[in-house]
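Notes for the one structure printed next.
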Amino acid sequence: MCGRFQLKISTSLLARIFNAVSTVENFETRGEIFPSNDSPVLINDPQQANSRRLGLMKWGFQFSGSKKLIINARSETIAEKPLFKDSFHQRRCLIPAQAFYEWSGPSGNKIKHQIRGENEEIFALAGLYKKFDFENEDSWRFTIITTEANEEIAEIHDRMPVIITKDDISSWLDPKGEKTELKSLLQPFAGRLSIEPPPAQRLF
DNA sequence: CCAGACGTTGTT
DNA sequence: GTCTGG
DNA sequence: CCAGACGTTGTT
DNA sequence: GTCTGG
């Protein structure tokens, strides 16, 4: 899954890297991003085709009347679940992250692993976004899509966030994207990762 | 119509 | 809030 | 996501 | 157990 990630970079640089127009003036980065925090999110400009925007959104969908934040969406079911369906069709986004975190070990004695790209590339995590109008808030929120862990991550966890590679960014954000093609992008990461600390050694 | 679910992960 | 099931 | 708090009154 | 803060 993905319950925390890292981002420590100016939004203007981030916008340049992802070829987007930034709507964020001065995002105070905390470095580590937690559920409920605001973080920059990349979307396709709804007003203008092929124009990317970078804007702040809050991490976590929510049911009205519930306090629980829904910070992940299973890739296997996003096309059917009522909470995610319309977002999957019309409001897909990417969440820039320089690392994400997974935990291993028993509760009370958990080990936190930081996962980065092998050459420090900035991840584009697949996400969905949606507007929420309750709790005296009018807020745009995002959630991060998960898939099965790849071989490396499986050592510490059975799920991981979907990472969209540079070449697939336009396809994922394309408002005219075909459902089948979109789903085919939701795969466990095929490249190499760096995990720190590394997974515990297997004895056998 | 009303009641109840609506989500994921991890833990048991 | 909105959808589903009864 | 995890870690840590979870409380009030009165006195200094 | 549940809520809050980071």
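Sequence lines set the chain letters: A, B, ... in the order given, protein chains first and strands last, and positions in each chain run from 1. Keep in mind that this is a model prediction, so the values were computed, not measured.
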Point to revise | salt_bridge(A:D45, A:R52) N-O dist < 4.0 Å | key: no
Review point. Within the side chain of A:S10, is there an N or O that forms a donor-acceptor pair under 3.5 Å with the backbone of A:L13?
Key: yes
Review point. Is A:T143 touching bases, backbone alone, or none of the nucleic acid, heavy atoms closer than 4.0 Å?
Key: nothing
Exercise for review: Mind checking salt bridge (charged side-chain N to carboxylate O under 4.0 Å, His left out) for A:E76 and listing every partner two or more places apart, or none if nothing turns up?
Suggested key: A:R74, A:R159
Review point. Using atom P of each nucleotide, how far apart are E:dG6 and B:dC6 to the nearest Å?
Key: 33 Å
Check your understanding: A:D158 near the nucleic acid: base, sugar-phosphate alone, or nothing, with a heavy-atom cut-off under 4.0 Å?
Key -> sugar-phosphate
Exercise for review: Could you tell me whether A:R141 sits above the aromatic face of A:F132, with NZ or CZ closer than 6.0 angstrom to the six-membered ring centre and within 45 degrees of the axis?
Suggested key: yes
Check your understanding: Can you say whether the rings of A:W140 and A:Y129 are parallel (under 30°), tilted (30 to 60°) or perpendicular (over 60°)?
Key -> tilted
Exercise for review: Name the nucleic acid region contacted by A:Y101, choosing base, sugar-phosphate or nothing; use a 4.0 angstrom heavy-atom cut-off, strictly under.
Suggested key: nothing
Practice item. Go through the structure and list residues passing side-chain contact (heavy atoms from CB on, under 4.5 Å) with A:I111, not counting sequence neighbours. Key: A:S104, A:H113, A:P197
Point to revise | Set of residues satisfying salt bridge (charged side-chain N to carboxylate O under 4.0 Å, His left out) with respect to A:K112, sequence neighbours excluded | key: A:E32
Distances under 3.5 Å between nitrogen or oxygen atoms of protein and nucleotides 1-6 of chain C:
from: C:dG1; atom 1: N7; to: A:S64; atom 2: OG; distance (Å): 3.4

Check your understanding: Checking A:N37 side chain against A:W59 main chain: does a donor-acceptor pair fall under 3.5 Å?
Key -> no
Practice item. Please state the P separation for the pair B:dT8 and D:dC1 - nearest whole angstrom. Key: 12 Å
Practice item. Using atom types as modelled and distance alone, determine if a side-chain donor or acceptor of A:T23 lies under 3.5 Å from a backbone N or O of A:L54. Key: yes
Practice item. Answer yes when A:E152 and A:R192 have at least one side-chain N-carboxylate O distance shorter than 4.0 Å, and no when they do not. Key: yes
Review point. Can you tell me how far C1' in B:dG7 sits from the matching atom in E:dG5, rounded to whole Å?
Key: 22 Å
Practice item. Tell me, please, the opening and closing nucleotides of DNA chain D, 5' to 3', among those with an atom under 4.0 angstrom from a non-hydrogen atom of chain A. Key: D:dC1 to D:dC2
Check your understanding: Strictly by modelled atom types, are A:R116 and A:Q98 linked by a side-chain donor-acceptor pair under 3.5 Å?
Key -> no
Review point. Looking across every strand, which nucleic acid part, if any, lies under 4.0 Å from A:K112 by heavy atom: base, sugar-phosphate, or nothing?
Key: nothing
Review point. Using the C1' atom in both, what is the distance from D:dG10 to E:dC3, to the nearest Å?
Key: 28 Å
**Study point:** Between B:dT9 and D:dC2 - C1' atom distance, rounded Å
**Key:** 13 Å
Revision key, fill the gap. Annotated structure of DNA chain D as dot-bracket, pair cut-off 3.5 Å, Watson-Crick or G-U only, | for inter-strand, is ||||||......
